[in-house]
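Take this structure, written in structure tokens, and hold onto it; I'll ask about it next.
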Amino acid sequence: MKDTGAKNRTGDVSVGEHFDIEVPDTAHQISSDSWFQVAFVLTTGINNAYVLGYSGTVMVPLGWVGGVVGLVLATAISLYANALVAKLHEFGGKRHIRYRDLAGFIYGRKAYCLTWGLQYVNLFMINCGFIILAGSALKAVYVLFRDDHAMKLPHFIAIAGLFCAVFAIGVPHLSALGIWLVVSTIFSLIFIVVAVVLAVKDGVKTHSRDYEIQGSPLSKLFTITAAAANLIFVFNTGMLPEIQATVRQPVVKNMMKALYFQFTIGVLPMLAVTFIGYWAYGSSTSTYLLNNVTGPLWVKALANISAFLQSVICLHIFASPTYEYMDTKFGVTGSTLALKNLTFRIMARGGYLAVSTLLSALLPFLGDFMSFTGAVSTIPLTFILANHMYYKAKDNKLNPMQKLWHWVNVVFFSLMSVAAAIAAVRLISVDSKNFHVFADL
């Protein structure tokens, strides 16, 4: 099914009949995927190359108790928040295939624009992170076999950006990933299994490990706050309605199946590599686990190449809302291989990824900026907005305790967002002194 061209006016009598927002139909394919394919999209979003960093970015600052409890709680809370958004997908008798459409339907035009801005900045920064990850994985392969440092990280980031552009031009929309989701899963299993097996081998040989949380009390406070925000980043995309738009009817029931799969079976590989990596190397765990493990060069090279290729595929998922906007805005319909459509994708998607790649190479310590973006966009989109939208949409059906619960969530995650933003600003300030543009990290 494809919806093209026309524009629909939306308004909800029970929530905001005075709102009148024009919502464009989509040039992309919707309502075509099984819940299982959508579950694989969500699981791919979790078990990407970022998992190789969670031992260092989550467990090291939080320790065993904080890390384990935090990840378990984050799993449950994230499932709950995503379920709230999923249940609103057909609110008011209309499918809301974009996050901004849902927010605009409930609140009005200002919320529509604000949600749009927050979401696209968030996804842009995530995509820059994937390009940096892909470039770092390529560099890791290079240094395994050569130590001349002739090629620097920015060079590998540029190569990664080129691969991402070629893939984006060849795969027109999210539903077209198809077999690529299977390929992505294979790549994920390769680098996760290699990391786990080599970490276990190293861990068995090491008789003593230090799990002490390092740093001064003030430093610990900031790193723990940043790590707590990273817990939210682990499970959430900020683009659930866009993914749900691809699932077949009944959309809410099928999306809930996909979410249950994601937050049960889907999280197991990520949790395994995170806990085993920290167990093996303790507080010395790197923010990229494959830098810690020891083993045959070809095995480590295979894992890094798999991480590179999986990042290319995964970026396409998080960039798909941007591609959908451009294709819909300029009416790109018809055959994928039509010269007009192919030329447009080369120009539009190639341009978008060129800017992303340049920024990634310019500021390869972009992780700090991503922490800030996550604080001011991922947390609001995933938890604050989800709880308040559900409260506002279901106001007449909620009892006083349920209403209080949603407000507690809104207030708590608002405070967390502010704290995480402050911690991220501090990290940016510190790293800006230590690194320069186009740094070879």
Side-chain angles (χ1 to χ4, degrees), residues 35-36 38-87 122 126 129 185 188-189 192 195-196 224-241 243-244 252 254-279 285 289 314 317-318 370-371 374-375 377-387 390 405-406 408-410 412-413 416-417 419-420:
W35 73 265
F36 194 64
V38 173
F40 261 80
V41 171
L42 294 169
T43 302
T44 297
I46 286 183
N47 294 293
N48 54 62
Y50 276 111
V51 303
L52 297 172
Y54 296 152
S55 297
T57 59
V58 173
M59 297 299 295
V60 169
L62 297 179
W64 274 119
V65 175
V68 173
V69 172
L71 281 167
V72 171
L73 284 177
T75 304
I77 294 170
S78 297
L79 171 59
Y80 171 74
N82 280 278
L84 294 180
V85 176
K87 290 175 182 178
N122 182 57
I126 290 174
T185 301
S188 294
L189 288 174
I192 288 174
V196 167
I224 289 173
T225 302
N230 286 338
L231 288 172
I232 293 170
F233 176 81
V234 170
F235 299 102
N236 299 286
T237 62
M239 54 174 284
L240 192 76
I243 296 175
Q244 191 171 0
V252 174
N254 282 334
M255 193 63 190
M256 291 305 300
K257 289 181 182 178
L259 287 172
Y260 289 140
F261 182 93
Q262 175 194 11
F263 286 100
T264 52
I265 298 173
V267 301
L268 294 180
M270 181 275 295
L271 292 176
V273 72
T274 300
F275 293 149
I276 291 173
Y278 184 59
W279 165 79
T285 308
L289 188 58
C314 205
I317 295 174
F318 289 90
M370 289 174 61
S371 297
S377 61
T378 306
I379 295 176
L381 285 171
T382 306
F383 295 102
I384 301 172
L385 193 57
N387 274 278
Y390 194 83
W405 166 251
H406 286 294
V408 167
N409 277 283
V410 169
F412 174 78
F413 286 108
M416 188 174 184
S417 178

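The structure presented is a predicted model; accordingly, all values stated were derived computationally and were not measured. Computation of the quantities below employed the complete heavy-atom set of this structure, encompassing side-chain atoms and omitting hydrogens, waters and symmetry-equivalent molecules.
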Residue set satisfying side chain to side chain contact (heavy atoms under 4.5 Å, CB included) with Ala227, at least two apart, ordered chain then number -> Pro61, Leu62
Here the pair of heavy atoms bringing Met59 nearest to Trp64 is CE-CE3, 3.7 Å
CG of Asn387 to CZ of Phe412, rounded to nearest 0.5 Å, is 11.5 Å
Those residues at least two apart in sequence (or on a different chain) that pass side-chain hydrogen bond (donor to acceptor under 3.5 Å, both in side chains) with Ser377 are Asn122
Smallest heavy-atom separation, Gly277 atom then Ser55 atom, equals CA-OG, 3.6 Å
For Tyr54, the ring-ring contact (aromatic ring centres under 6.0 Å, His included) test, sequence neighbours excluded, returns none
Does Leu289 reach the side chain of Thr285, with side-chain heavy atoms less than 4.5 Å apart? yes
Those residues at least two apart in sequence (or on a different chain) that pass side chain to side chain contact (heavy atoms under 4.5 Å, CB included) with Val41 are Leu181, Ile243, Ile317
Practice problem: Test Ile46 against Leu42 for side-chain contact (heavy atoms from CB on, under 4.5 Å), laying out the working first. | Solution: CA-CA 7 Å; Ile46 286 183; Leu42 294 169; over 6 Å; no
Exactly one candidate in Phe383, Tyr390, Phe413 meets ring pair (Phe, Tyr, Trp, His ring centres under 6.0 Å) with His406; the answer is Tyr390
Quick note, side chain to side chain donor-acceptor pair (under 3.5 Å) partners involving residues 38-47, not counting sequence neighbours, are none
Between Met256 and Ala86, the two heavy atoms sitting closest are SD-CB, 4.2 Å
Show every donor-acceptor pair shorter than 3.5 Å between a side-chain atom in residues 66-84 and any protein atom, with sequence neighbours excluded, or say none if there are none.
unit_1, atom_1, unit_2, atom_2, d
Thr75, OG1, Leu71, O, 2.7
Ser78, OG, Ala74, O, 2.6
Ser78, OG, Asn236, ND2, 3.1
Tyr80, OH, Trp405, NE1, 2.8
Asn82, ND2, Ser78, O, 2.7
Asn82, ND2, Asn236, OD1, 2.9

Answer yes or no: is there a donor N or O on one side and an acceptor on the other, between the side chain of Thr225 and the main chain of Ala419, under 3.5 Å? no
Rounded to the nearest 0.5 Å, the CE atom of Met416 sits from the CG atom of Asn409 at a distance of 12.0 Å
By side-chain hydrogen bond (donor to acceptor under 3.5 Å, both in side chains), Asn48 pairs with (sequence neighbours left out) none
With the side chain counted from C-beta on, respond yes when Thr382 and Leu240 share a heavy-atom pair under 4.5 Å apart, and no when they do not. no
Hey, can you pull the donor-acceptor pairs under 3.5 Å for the side chains in residues 260-276, sequence neighbours left out?
unit_1, atom_1, unit_2, atom_2, d
Thr264, OG1, Tyr260, O, 2.5
Thr264, OG1, Phe261, O, 3.4
Thr274, OG1, Met270, O, 2.7

